[in-house]
Amino acid sequence: MPVNRNALIRFRTIDNCLRNRYRTWTLEDLIEACSEALYEYEGIDKGVSRRSVQMDLQLMRSDKLGYNAPIVVVDKKYYTYEDPDYSITNIPLTDQDLGKLTEVVEILRQFKGFTHFNELNGMVQKLEDRIHTARTKQAPIIDLEKNEHLKGLEHIDVLYQAILKKKAIALSYQSFRAREASSFDFHPYFLKEFRNRWFLIGIKKASQPVLTLALDRIISVEDRIISVEDTLVPYLDNRSLDIESYFKNVIGVTVNANEAPQTVELYINAENAPYVLTKPFHHSQKLLERTSNGIIIQLEVQLNFELEREILGFGDCIKVLKPERLKRRIQEKMVNAAELYEKELRLIELESSRKKLLRTGTAILDGMYTKKELGKILSIINRAAEDPIRFRRTEDLFAIRGLLQEIPSLKPLLFNQNLCSLVKEGFGENYFLTKAIYFDKPPKSNWYVTWHQDVPINVQGKVETEGFRGWTNKSGLVGVIPPLEYLQKAFTVRIHLDDTDEKNGALRVIPKTHFGILSNEEIALIRDGSQSKCCKVLRGGVHLMKPLTLHASSKTENDKHRRVIHLEFNCLDLPNEMEWLERELL
């Protein structure tokens with residue numbers, strides 16, 4: 001069945017619409033989109049009839065053109081693809097297509113020997129293999145590097161046409177660091193591929209710097225922008241950016257336009273030297289020296305993210321010699337990487353600590369957090385603590401109650417893989433956080449806590465419930481003493497941000513006192529007649545404790561802080577209309 005060019009434009013437009021699942025498409029929406037596409041590509045301004053689009057949808061659903069498109073109607077109104085991964089561009093090649101491609105390959109073959117067409121060498125083989133596979137139904141001979149799940153490739157055609165026709169576009173874009181997408185006008189200049197990812201280079205405004213946007217972070221593209229005055233946004237021509245010189249001094253796509261390239265010297269061991277010599281890091285690469293156990297090469301490049309990735313990819317087979325800044329940064333990353341393995345919570349260690357906690361009421365697990373994680377946690381807390389209105393400091397103690405409610409950005413850092421494994425695998429998937437407090441005991445602090453059990457819990461809602469004794473303190477917090485089962489199910493995790501010992505107020509505990517709620521007389525009797533234990537915890541370690549375990553802290557005698565994050569967990573819901581004051585799921 002012959003298909004004219006206008007019909008193909010409509011098919012492609014409908015396909016693009018139905019693949020965009022960020023909005024719903026009525027028949028009127030599809031008619032409008034097809035009319036705009038025909039005007040843009042063919043200058044046809046009379047629009048598209050309702051019947052034409054209905055016939056197009058019927059043809060796309062049928063086998064007449066080989067599409068068999070799974071087009072469905074939702075709520076008797078909205079058109080979409082039942083299979084979200086379907087596109088008419090994914091259908092098999094026809095015999096006519098294969099014939100045309102064969103002719104193209106024969107033409108391209110004639111240019112393979114010319115230096116100006118060196119980049120065609122790989123392309124010809126790829127085309128030949130694709131045609132051979134389609135015709136013979138055999139497995140491909142060439143396995144090309146590809147990412148089947150890479151997002152954003154559906155935007156390439158629209159972006160290419162916008163660059164070609166010098167048109168501004170409207171982008172909805174969300175970087176990995178952004179919490180939500182932002183929309184803005186963009187003037188595209190180039191498309192660039194690096195390591196199987198595509199990037200768009202252009203500017204937002206004439207006064208702003210060049211931006212490099214990853215296609216897989218683009219949510220939607222509109223190739224036509226209409227302002228409030230209903231006029232086209234004028235395209236800002238590229239008058240200064242030369243794509244070849246722009247990426248000349250970098251590996252990858254991260255460019256600092258105001259930064260000069262630096263001399264980078266790298267040592268590569270003998271085993272990996274051939275790989276680096278046959279596939280250079282960068283076109284500026286020079287061989288400086290051959291040694292008995294490796295080579296030294298030199299690059300003239302900007303220091304960027306992609307350069308670091310290339311170096312880190314060689315692991316312990318490479319060493320940065322110059323510059324010092326890059327050397328220290330790679331060294332730091334390697335140390336952090338090694339620490340992730342060193343401080344991995346092992347199941348046998350977890351099980352041993354869990355049994356000890358249940359038996360004695362106390363246990364210590366070292367190496368739960370890396371130096372990098374601790375640094376980020378303290379940095380976030382210190383920045384927040386600078387606000388004198390939200391948080392008040394005293395001479396002897398600084399505390400932040402409701403820590404994750406006050407500073408929610410701490411949650412992913414505190415609930416790292418080790419802590420999640422500790423809670424979920426050590427105690428159960430049904431456990432959740434019920435309290436989070438940060439406190440800093442300054443050097444030579446006079447603040448201390450006498451022997452006690454952590455019996456009260458903070459709640460919200462009504463507390464007139466059998467088995468619960470409640471009250472409200474001066475700060476307005478509602479506290480209750482719950483039935484014993486709630487305390488026996490609970491456990492505490494105290495994350496130590498400093499080394500802790502007797503000199504800076506470490507906790508002392510009396511083991512095996514966590515089986516019941518004790519009276520003041522019983523506490524005094526046990527305190528005087530039992531041997532207490534000092535809980536020394538290294539920085540990044542955690543102290544596990546059952547809430548009913550008798551414990552106390554002493555004054556700080558040295559010039560060190562004792563910064564601790566106190567977390568409490570439980571698995572029981574409170575009865576009636578009562579709720580935990582701070583309930584956070586892992």
Side-chain angles (χ1 to χ4, degrees), residues 9 12-25 29-30 32-34 36-37 40-41 79-81 83-90 145-227 232-238 241 243 246-247 250 252-257 304-306 309:
I9 293 173
R12 183 64 180 269
T13 303
I14 294 171
D15 181 61
N16 288 335
C17 291
L18 300 186
R19 290 170 65 193
N20 181 3
R21 306 180 79 84
Y22 290 97
R23 63 166 289 186
T24 53
W25 299 92
D29 293 331
L30 297 178
E32 182 181 356
C34 290
E36 289 181 359
E40 178 184 351
Y41 292 110
Y79 289 82
T80 187
Y81 282 143
D83 179 0
D85 297 323
Y86 177 83
S87 172
I88 62 173
T89 59
N90 296 332
E145 183 181 359
K146 54 188 177 295
N147 185 346
E148 299 289 353
H149 304 290
L150 185 63
K151 298 179 180 179
L153 295 182
E154 67 272 17
H155 302 310
I156 285 184
D157 185 55
V158 173
L159 298 174
Y160 178 83
Q161 293 297 329
I163 296 170
L164 191 66
K165 297 178 181 180
K166 296 187 176 182
K167 293 180 62 177
I169 55 176
L171 288 183
S172 179
Y173 187 83
Q174 184 175 6
S175 68
F176 287 117
R177 295 183 179 181
R179 292 185 178 180
E180 56 186 26
S182 59
S183 299
F184 50 85
D185 300 348
F186 197 72
H187 305 269
Y189 295 152
F190 303 101
L191 283 164
K192 181 176 175 64
E193 188 225 6
F194 179 72
R195 296 289 189 271
N196 255 339
R197 291 186 73 200
W198 282 87
F199 300 86
L200 177 67
I201 296 92
I203 61 173
K204 287 185 180 181
K205 297 180 180 179
S207 59
Q208 294 184 352
V210 174
L211 294 178
T212 301
L213 307 178
L215 262 64
D216 56 13
R217 304 310 302 159
I218 294 177
I219 295 174
S220 64
V221 182
E222 295 291 340
D223 62 352
R224 202 176 191 183
I225 308 172
I226 304 295
S227 69
L232 288 173
V233 172
Y235 180 78
L236 299 176
D237 279 316
N238 174 27
L241 180 61
I243 194 67
Y246 185 70
F247 290 104
V250 298
V253 296
T254 307
V255 180
N256 186 340
N304 66 2
F305 172 78
E306 290 89 342
R309 278 292 182 91

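No hydrogens, no waters, no symmetry mates; every other heavy atom, side chains included, goes into these values.
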Between [X] and [Y], is there a donor-acceptor pair closer than 3.5 Å when you use the side chain of the first and the backbone of the second?
{"X": "Tyr81", "Y": "Asn20", "value": "no"}
{"X": "Gln174", "Y": "Ile218", "value": "no"}
{"X": "Arg23", "Y": "Cys17", "value": "no"}
{"X": "Gln208", "Y": "Ile203", "value": "no"}
{"X": "Gln161", "Y": "Lys165", "value": "no"}
{"X": "Tyr86", "Y": "Arg19", "value": "no"}

On a heavy-atom basis, which atom in Tyr235 and which in His187 lie closest, and how many Å separate them?
CA-ND1, 3.7 Å
Do [X] and [Y] come within less than 4.5 Å of each other through their side chains, counting heavy atoms only?
{"X": "Asn256", "Y": "Asn304", "value": "no"}
{"X": "Leu171", "Y": "Val221", "value": "yes"}
{"X": "Asp157", "Y": "Arg12", "value": "yes"}

Listed once per pair and sorted, the side chain to side chain donor-acceptor pair (under 3.5 Å) pairs that draw on residues 209-219, sequence neighbours left out
Arg197-Asp216
For the atom pair NZ (Lys192) and CD1 (Ile201), what is the distance rounded to the nearest 0.5 Å?
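So the NZ of Lys192 and the CD1 of Ile201 are separated by 7.0 Å.
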About how many Å separate CH2 of Trp198 and CG of Leu213, when rounded to the nearest 0.5 Å?
15.0 Å
Checking side chain to side chain contact (heavy atoms under 4.5 Å, CB included) between Leu18 and each of Ile14, Asp15, Asn16, which is the one that passes?
Ile14
